[in-house]
J.: 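Provided herewith is a single structure, encoded as structure tokens, for subsequent inquiry.
Nothing fancy with the numbering, it's 1 onward along the sequence.
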Amino acid sequence: MRFHVLTLFPDMVRQGLEISILGKAMEKGIVELNTVNIRDYTLDRHKKVDDYPYGGGAGMLMQAQPVYDAWKSVVDAVGYRPRCIYLTPQGRVFHQEMAKSLAEEQDLIFLCGHYEGIDERVLEEIVTDYVSIGDYVLTGGELPAMVMADAISRMVPGVLSNEESGSTESLEGGLLEYPQYSRPAEWMGKRVPEVLLSGDHKKVEEWRREQSVLRTFRYRPELLEQADLSRQDVMLLLKEKKTE
């Protein structure tokens with residue numbers, strides 16, 4: 001899995017991603033990070049990459065030429081046109097299923113905008129996916145790119161030390177993760193649920209499923225519309241609603 005990030009702040013991206021689990025995956029060669037400084041591709045001798053927008057308006061706009069040439073450097077290096085993701089509040093909202101789908105790609109290009117955005121002409125030429133990480137505005141696309149790279153890389157085989165952990169965490173299967181506990185068995189008067197101490201794996205799995213369903217109902221009920229619920233899950237929810 002190779003991430004190519006087109007950015008004005010390559011150090012910010014590297015410092016944010018070359019640590020923890022993703023950093024270890026890079027050391028093992030499972031994931032690669034290529035940061036491309038858009039300023040390196042401007043024809044302006046002062047390294048300028050922005051200009052005033054036609055028609056007036058506040059702020060500056062990133063120009064098409066340096067963005068296109070930075071993108072083309074990646075395309076020429078890999079030998080084909082990978083999917084190019086433009087991080088923008090106007091895009092589809094990023095979610096776990098999208099992360100799983102994108103993890104199947106060999107290369108991904110992230111385009112990080114700044115100022116008042118990027119010249120529309122280059123977006124039409126190179127962008128394949130418009131993606132948002134939420135309905136709010138950030139200073140640039142670097143943080144969204146890092147968020148997406150982190151989430152996507154977790155779906156790449158070999159990145160997580162425990163292969164199961166990527167398929168059992170929050171939002172997998174449309175449900176929030178069940179509550180978890182560690183030692184000691186009692187802390188500040190609160191005891192770990194007895195079922196987790198029982199050694200009965202079947203009962204533990206049943207309890208965890210129930211807790212995932214209930215936690216989703218309480219905190220993110222809109223997720224249940226798309227979740228894969230069993231008849232037992234539905235009965236549990238009906239019972240919970242009656243007690244409200």
J.: What distance separates Leu22 CG from Ile30 CD1, expressed to the nearest 0.5 Å?
T.: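 Leu22 CG to Ile30 CD1: 10.5 Å, rounded to 0.5 Å.
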
J.: Output the distance between atom CZ (Arg14) and atom CG (Asn34), rounded to the nearest 0.5 Å.
T.: 7.0 Å

J.: Should we say atom CD of Gln90 is surrounded by more than 12 heavy atoms from elsewhere, each under 6.0 Å from it?
T.: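 No - once you tally the heavy atoms of other residues, nucleotides and ligands closer than 6.0 Å, there are 12 at most.
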
J.: Report whether Ile38 and Leu61 are members of the same hydrophobic cluster (ILVMFWY, side-chain heavy atoms less than 4.5 Å apart, transitive linking).
T.: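 Different clusters: Ile38 never reaches Leu61 through Ile, Leu, Val, Met, Phe, Trp or Tyr contacts under 4.5 Å.
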
J.: Strictly by modelled atom types, are Asp76 and Ser73 linked by a side-chain donor-acceptor pair under 3.5 Å?
T.: no

J.: Using a 4.5 Å cut-off on heavy atoms from C-beta on, say whether the side chain of Asp200 contacts that of Val195.
T.: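 No, too far: nothing below the 4.5 Å cut-off.
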
J.: Is a side-chain N or O of Thr7 found less than 3.5 angstrom from the main chain of Phe9, in a donor-acceptor match?
T.: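 Pair found, side chain donor or acceptor close to backbone of Phe9.
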
J.: For Arg81 and Ile126, which heavy atoms make the closest approach, and how far apart are they?
T.: NH2-CA, 4.4 Å

J.: With a 3.5 Å distance limit and no angle check, can you tell me whether Gln65 reaches the backbone of Tyr41 through a side-chain donor-acceptor pair?
T.: yes

J.: Rounded at 0.5 Å granularity, tell me how far CZ in Arg208 sits from CD in Glu177.
T.: 9.0 Å

J.: Donor-acceptor pair, Arg83 side chain versus Thr128 backbone, under 3.5 Å?
T.: no

J.: Please find the pair of heavy atoms, one from Val75 and one from Pro82, that lie closest to each other, and give the distance.
T.: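 Reported closest heavy-atom pair: CG2-CD, 4.2 Å.
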
J.: Of Ile133, Leu143, Leu108, which meets side-chain contact (heavy atoms from CB on, under 4.5 Å) against Met148?
T.: Ile133

J.: For Tyr219, does the OH atom have more than 12 heavy-atom neighbours from other residues, nucleotides or ligands under 6.0 Å away?
T.: no

J.: Show your reasoning for whether side-chain contact (heavy atoms from CB on, under 4.5 Å) applies to Leu33 and Val5.
T.: CA-CA 8 Å; Leu33 174 64; Val5 184; 4.0 Å; yes

J.: Over all heavy atoms of both residues, which pair between Tyr86 and Gly117 is shortest? Give the atoms and the distance, please.
T.: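 Closest pair (atom of Tyr86, atom of Gly117, distance): OH-CA, 4.1 Å.
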
J.: Compare all side-chain heavy atoms of Trp187 with those of Ser182 and state whether any distance is below 4.5 angstrom.
T.: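 Contact flag for Trp187/Ser182 side chains = no.
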
J.: Please check: side-chain N/O of Ser212 versus main-chain N/O of Tyr178, any donor-acceptor pairing under 3.5 Å?
T.: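 Between the backbone of Tyr178 and the side chain of Ser212 there is a qualifying donor-acceptor contact (under 3.5 Å).
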
J.: Before you tell me yes or no, could you show the steps for Ile152 and Phe94 under side-chain contact (heavy atoms from CB on, under 4.5 Å), namely the whole-Å CA-CA distance, both residues' side-chain angles and the distance that decides it to 0.1 Å?
T.: CA-CA 11 Å; Ile152 293 167; Phe94 185 57; 4.2 Å; yes

J.: Between Tyr80 and Gln106, does a side-chain contact (heavy atoms from CB on, under 4.5 Å) hold up when you go through it step by step?
T.: CA-CA 11 Å; Tyr80 74 106; Gln106 181 178 350; 3.9 Å; yes

J.: Hydrophobic clusters here meaning ILVMFWY residues chained together by side-chain heavy-atom distances under 4.5 Å, can you tell me if Val93 and Val127 are in one?
T.: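 Different clusters: Val93 never reaches Val127 through Ile, Leu, Val, Met, Phe, Trp or Tyr contacts under 4.5 Å.
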
J.: State yes or no: do Met146 and Leu160 share one hydrophobic cluster built from I, L, V, M, F, W and Y residues joined by side-chain heavy-atom distances below 4.5 Å, directly or via other members?
T.: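 Same cluster.
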
J.: Of all the heavy-atom pairs spanning Leu197 and Arg191, show the shortest one and how long it is.
T.: CD1-NH2, 3.6 Å

J.: Is Met12 reachable from Val67 through a run of I, L, V, M, F, W or Y residues, each pair having side-chain heavy atoms under 4.5 Å apart?
T.: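 Yes; Met12 is reachable from Val67 via cluster members.
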
J.: Look up atom CG in Leu175 and atom CG in Asp233, then write down how far apart they are to the nearest 0.5 Å.
T.: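 These two atoms lie 7.0 Å from each other.
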
J.: For side-chain contact (heavy atoms from CB on, under 4.5 Å), just list the numbers for Trp71 and Leu111, CA-CA rounded to whole Å, side-chain angles, deciding distance to a tenth of an Å, and then say yes or no.
T.: CA-CA 8 Å; Trp71 168 84; Leu111 173 57; over 6 Å; no

J.: Is a side-chain N or O of Ser101 found less than 3.5 angstrom from the main chain of Met98, in a donor-acceptor match?
T.: no

J.: Got a second to check how far Leu6's CG is from Ile85's CD1, nearest 0.5 Å?
T.: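 Answer rounded to 0.5 Å: 11.0 Å.
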
J.: Any chance CD of Gln232 has more than 12 other-residue heavy atoms, nucleotides or ligands included, within less than 6.0 Å?
T.: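 Counting other residues, nucleotides and ligands, CD of Gln232 stays at 12 neighbours or fewer.
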
J.: Do Arg220 and Glu222 meet the salt-bridge criterion of a basic N to acidic O distance under 4.0 Å?
T.: yes

J.: Check this for me: Asp135, atom CG, are more than 12 non-hydrogen atoms of other residues, nucleotides or ligands nearer than 6.0 Å?
T.: no

J.: Just how far is it from atom CD of Glu142 to atom CG of Leu17, taken to the nearest 0.5 Å?
T.: 11.0 Å

J.: Are Gln96 and Met155 side-chain neighbours, meaning at least one heavy-atom pair lies under 4.5 Å?
T.: yes

J.: Honestly curious: do Tyr130 and Tyr136 fall in one hydrophobic cluster under the side-chain, below-4.5 Å linking rule?
T.: yes

J.: A quick test of your reading: do over 12 heavy atoms of other residues, nucleotides or ligands sit less than 6.0 Å from OH of Tyr52?
T.: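 Atom OH in Tyr52 is not crowded, with 12 or fewer foreign heavy atoms closer than 6.0 Å.
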
J.: Where is the tightest heavy-atom contact between Arg209 and Leu229, given as atom of each residue plus distance?
T.: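 In this case the closest contact between Arg209 and Leu229 is NH2-CA, 4.1 Å.
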
J.: Give me the atom names and distance for the closest heavy-atom approach of Val31 to Ser153.
T.: CG2-CB, 4.3 Å

J.: Is Gln226 atom CD crowded by more than 12 heavy atoms from other residues, nucleotides or ligands, each under 6.0 Å away?
T.: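 Not more than 12 within 6.0 Å, no.
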
J.: For the side chain of Thr42 and the backbone of Pro66, is there at least one donor-acceptor N/O pair under 3.5 Å apart?
T.: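 Flag not set: sc Thr42 to bb Pro66 has no pair under 3.5 Å.
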
